[in-house]
Trainee: 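This is the structure I have questions about; it appears just below.
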Amino acid sequence: MNFPLQISERVRALAAQAERELEEQFARVDAIAQFNSQRVLAAFQKYRVAESYFAGTTGYGYDDLGRDKLDEIYAELFGTEDALVRLQFVNGTHAITCALFGALKAGDVLVSAVGAPYDTLLGVVGAVDKGHGSLRDYGVEYRQVELKDNAPDREGLAAAVRDPKVRAVLIQRSKGYATRASLSVDEIGELCAIVRENNPSAAILVDNCYGEFVEEREPTHVGADLVVGSLIKNPGGGLAPTGAYIAGRRDLVEGAAMRLTCPGIGKECGSTLGNNRLLYQGLFLAPHTVAQALKTAVFAARLMEELGYETEPKSDAVRHDIIQMIHLGGPEAVKRFCKGIQSGAPVDSYVTPEPWDMPGYDCPVIMAAGAFIQGASIELSADAPMREPYTVYLQGGLTYESGKTGIMLAAEELLRE
């Protein structure tokens with residue numbers, strides 16, 4: 001059979017070997033997808049999802065039944081009192097910011113439980129100056145518990161939250177651009193228990209980006225008060241055109257809604273402009289789509305290991321998010337890998353990614369993403385800060401077949417050095 005893509009027999013043979021060695025991992029991923037698909041279906045049936053929910057609203061968006069029912073479905077899936085699912089969130093950072101501003105006021109202290117948060121949040125908390133409007137500008141103090149041996153410092157967290165001025169604790173589930181392992185739901189539950197024991201009144205907020213539907217439970221099932229995530233990552237299923245969600249304790253959701261809109265309006269406004277069907281259908285597909293992304297990540301880890309590269313997590317590890325780290329060791333290898341990923345994209349495959357100064361980051365970043373939805377990291381994408389240790393962060397894959405192809409093309413580029 002003639003293949004239209006230029007992939008050598010060597011890479012095809014390595015890929016076949018990798019797949020043979022990954023049967024157990026793939027079976028584990030499929031079992032979780034089956035469980036979560038049934039959870040989503042049960043929620044759709046409980047709330048009697050009907051075609052009329054897909055009609056959109058304009059203007060103020062009053063009485064948008066589809067929007068309001070989707071809030072209830074998200075609350076059901078996350079085991080929470082309330083949820084806020086809105087297209088008006090421009091990204092996950094925006095949603096996390098609204099959640100933090102809704103939970104904190106002047107004089108309060110915010111503690112980050114696992115070191116520094118993702119780069120784009122540093123300006124939000126005021127750790128770096130990104131312009132006016134940070135929590136620090138509004139009188140909220142920020143502190144962080146540094147990692148210990150590249151893992152959460154449980155004793156340090158206990159000591160940090162005993163201060164009665166600590167009113168919120170932020171836990172970032174995914175590693176971001178750090179080298180620590182992403183947190184499991186069980187580990188998040190342990191951190192929540194530490195906070196509860198030492199400061200029962202502090203609100204526990206979890207940045208859940210990249211983690212939804214990777215396990216059978218979510219952080220709010222094990223003690224978190226609020227979870228936040230982007231719809232162009234896991235829960236949007238590759239169909240949501242933009243937006244984010246917040247789910248958790250009713251007062252915290254309401255506080256976030258007041259920051260997204262304004263006091264007195266909260267959740268009542270926000271037109272959906274005909275996008276409700278995409279949000280519902282994307283959520284329905286999300287457990288399966290996440291499984292495709294996970295299989296792509298596992299395959300990438302195994303193939304890169306066969307080529308001699310260090311990976312985190314390893315190909316045989318249990319996954320807690322969809323992100324795969326590959327340590328490439330130098331800037332040229334990062335560029336070649338990203339070029340290969342881009343060449344496997346359905347959109348803009350002819351483009352060669354180059355590092356550039358992106359808003360919110362402290363160094364040039366290279367991003368490979370030929371996506372149907374701009375910036376959608378549930379679609380196959382790879383990005384890396386151009387700094388040591390020159391690690392690329394891979395995520396996404398709407399289908400395993402296309403994700404696998406992109407990884408093979410990236411391997412091909414690396415072998416051309």
Trainee: Tell me whether Ser134 contacts the main-chain N or O of Asp137 through its side chain, where contact means a donor paired with an acceptor under 3.5 Å.
Mentor: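 Here the side-chain-to-backbone pair exists.
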
Trainee: Is a donor on one side and an acceptor on the other found under 3.5 Å between the side chain of Glu81 and the backbone of Arg250?
Mentor: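 Between the backbone of Arg250 and the side chain of Glu81 there is a qualifying donor-acceptor contact (under 3.5 Å).
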
Trainee: Any side-chain donor-acceptor pair under 3.5 Å between Gln25 and Arg28?
Mentor: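 Their side chains do contain a donor-acceptor pair, which is all the 3.5 Å distance test asks for.
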
Trainee: Would you sort out whether Glu21 and Arg302 count as a salt bridge (Lys or Arg N to Asp or Glu O under 4.0 Å), showing the intermediate values?
Mentor: CA-CA 8 Å; Glu21 296 169 347; Arg302 188 71 203 115; 2.5 Å; yes

Trainee: Output yes when Lys295 and Glu19 qualify as a salt bridge under the 4.0 Å nitrogen-oxygen rule, no when they do not.
Mentor: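 Judged by the 4.0 Å cut-off on N to carboxylate O distance, Lys295 and Glu19 do not form a salt bridge.
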
Trainee: If you draw a 6.0 Å radius around CD in Gln374, do more than 12 non-hydrogen atoms from other residues or ligands fall strictly inside?
Mentor: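 Incorrect, the count does not exceed 12.
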
Trainee: Using 30° and 60° as the class boundaries, would you call the ring planes of Phe78 and Tyr245 parallel, tilted or perpendicular?
Mentor: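 Answer is parallel, since the angle falls under 30°.
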
Trainee: Scan for salt bridge (Lys or Arg N to Asp or Glu O under 4.0 Å) pairs involving residues 256-276, sequence neighbours excluded, and state none if there are none.
Mentor: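 Every salt bridge (Lys or Arg N to Asp or Glu O under 4.0 Å) pair that includes a residue of residues 256-276, provided the two are not neighbours, is Asp71-Lys267, Asp82-Lys267.
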
Trainee: Please work out which of the three classes, parallel, tilted or perpendicular, describes the rings of Tyr138 and Phe101, given edges at 30° and 60°.
Mentor: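 The rings of Phe101 and Tyr138 stand perpendicular, inter-plane angle above 60°.
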
Trainee: Between the side chain of Glu379 and the main-chain N/O of Phe372, is any donor-acceptor distance below 3.5 Å?
Mentor: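 Indeed, once roles are kept as given, a pair shorter than 3.5 Å links the two residues.
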
Trainee: Hey, mind stepping through Glu218 and Arg173 against salt bridge (Lys or Arg N to Asp or Glu O under 4.0 Å) and telling me if it holds?
Mentor: CA-CA 10 Å; Glu218 299 293 340; Arg173 178 175 181 174; 3.3 Å; yes

Trainee: Quick check: does any side chain N or O of Asn198 sit under 3.5 Å from a backbone N or O of Ile194, one acting as donor and the other as acceptor?
Mentor: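 Judged by distance alone, yes, a pair lies under 3.5 Å.
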
Trainee: Just by distance, no angles: are the side chains of Ser182 and Lys175 close enough, under 3.5 Å, to form a donor-acceptor pair?
Mentor: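 There is such a pair (donor and acceptor under 3.5 Å, judged by atom type) between the side chains of Ser182 and Lys175.
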
Trainee: Flag yes if more than 12 heavy atoms outside Lys404 fall under 6.0 Å of its NZ atom; otherwise flag no.
Mentor: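 More than 12 heavy atoms, drawn from other residues, nucleotides or ligands, come within 6.0 Å of this atom.
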
Trainee: Can you confirm whether Glu216 is buried at CD, in the sense that more than 12 heavy atoms of other residues, nucleotides or ligands lie under 6.0 Å from that atom?
Mentor: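 Correct, the count exceeds 12.
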
Trainee: More than 12 heavy atoms of other residues, nucleotides or ligands under 6.0 Å from CG of Asp63: is that the case?
Mentor: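 12 or below, so no.
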
Trainee: Establish, from distance only, whether the side-chain atoms of Thr311 and Glu305 form a donor-acceptor pair under 3.5 Å.
Mentor: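 Yes, because at least one side-chain N or O of Thr311 sits under 3.5 Å from a partner of the opposite role on Glu305.
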
Trainee: Does a donor on one side chain and an acceptor on the other come within less than 3.5 Å for Ser201 and Arg167?
Mentor: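 Looking only at side-chain atoms, Arg167 and Ser201 do form a donor-acceptor pair, the distance falling under 3.5 Å.
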
Trainee: Would you mind checking if Lys314 and Glu312 are paired as a salt bridge, meaning a charged N to carboxylate O distance below 4.0 Å?
Mentor: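 Looking at Lys314 together with Glu312, the answer is no, because their closest N to O distance does not fall below 4.0 Å.
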
Trainee: Just grab all the ring pair (Phe, Tyr, Trp, His ring centres under 6.0 Å) pairs involving residues 191-239, residues at least two apart or on different chains.
Mentor: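 Those involving residues 191-239 do not exist here.
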
Trainee: Indicate whether the side chain of Gln172 and that of Ser112 have a donor and an acceptor atom separated by less than 3.5 Å.
Mentor: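 Note: Gln172 and Ser112 side chains miss the donor-acceptor criterion.
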
Trainee: Any non-hydrogen side-chain atom of Asn199 less than 4.5 Å from a side-chain atom of Pro164?
Mentor: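 Not in contact.
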
Trainee: Which heavy-atom pair separates Ala291 from Ala33 by the least distance, and what is that distance?
Mentor: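 Minimum heavy-atom separation between Ala291 and Ala33: CB-CB, 3.7 Å.
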
Trainee: Return yes when atom CZ of Arg180 has more than 12 non-hydrogen atoms of other residues, nucleotides or ligands closer than 6.0 Å, and no otherwise.
Mentor: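 It does: Arg180 CZ has more than 12 such atoms within range.
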
Trainee: Can you name the residues that form a side-chain hydrogen bond (donor to acceptor under 3.5 Å, both in side chains) with Asp68, not counting sequence neighbours?
Mentor: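 side-chain hydrogen bond (donor to acceptor under 3.5 Å, both in side chains) check on Asp68 returns nothing, list empty.
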
Trainee: With distance as the sole test, does Thr405 use its side chain to make a donor-acceptor pair with the main-chain N or O of Glu401 at under 3.5 Å?
Mentor: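 Side chain of Thr405 to backbone of Glu401: a pair is present.
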
Trainee: Under 3.5 Å, is there a donor-acceptor pair linking the side chains of Asn36 and Glu212?
Mentor: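 No, because no side-chain N or O of Asn36 sits under 3.5 Å from a partner of the opposite role on Glu212.
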
Trainee: Which word best sums up how the rings of Tyr60 and Tyr62 line up, parallel for under 30°, tilted for 30 to 60°, or perpendicular for over 60°?
Mentor: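 Tilted.
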
Trainee: For Pro331, check side chain to side chain contact (heavy atoms under 4.5 Å, CB included) against everything at least two apart and list the hits.
Mentor: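 Partners of Pro331 under the side chain to side chain contact (heavy atoms under 4.5 Å, CB included) test: Met386, Tyr390.
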
Trainee: Under 3.5 Å, is there a donor-acceptor pair between the Gln395 and Ser377 side chains?
Mentor: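 No.
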
Trainee: Output yes when a side-chain donor or acceptor of Asp64 lies under 3.5 Å from a complementary backbone atom of Gly61, and no otherwise.
Mentor: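 Side chain of Asp64 to backbone of Gly61: no pair is present.
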
Trainee: For the side chain of Asp383 and the backbone of Ile366, is there at least one donor-acceptor N/O pair under 3.5 Å apart?
Mentor: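 No; judged by distance alone, with no hydrogens or angles, the pair does not exist.
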
Trainee: Do any pairs count as a salt bridge (Lys or Arg N to Asp or Glu O under 4.0 Å) and have a residue in residues 221-241, sequence neighbours left out, and if so which ones?
Mentor: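 Residue pairs passing salt bridge (Lys or Arg N to Asp or Glu O under 4.0 Å), neighbours aside: Arg196-Asp225, Asp225-Arg249.
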
Trainee: Can you tell me which residue pairs pass the salt bridge (Lys or Arg N to Asp or Glu O under 4.0 Å) test with a partner in residues 185-195, sequence neighbours excluded?
Mentor: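 For residues 185-195: Arg154-Glu190, Asp186-Arg217.
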
Trainee: Just wondering, are more than 12 heavy atoms of other shown residues or ligands nearer than 6.0 Å to OH in Tyr280?
Mentor: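 Check passes, neighbour count above 12.
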
Trainee: Any side-chain to backbone donor/acceptor pair from Thr261 onto Gly266? Under 3.5 Å, distance only.
Mentor: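 Indeed, once roles are kept as given, a pair shorter than 3.5 Å links the two residues.
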
Trainee: Think Lys69 forms a cation-pi with Tyr47, using NZ or CZ under 6.0 Å from the six-ring centre and within 45 degrees of its axis?
Mentor: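 Here Lys69 fails the 6.0 Å and 45° test against Tyr47.
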
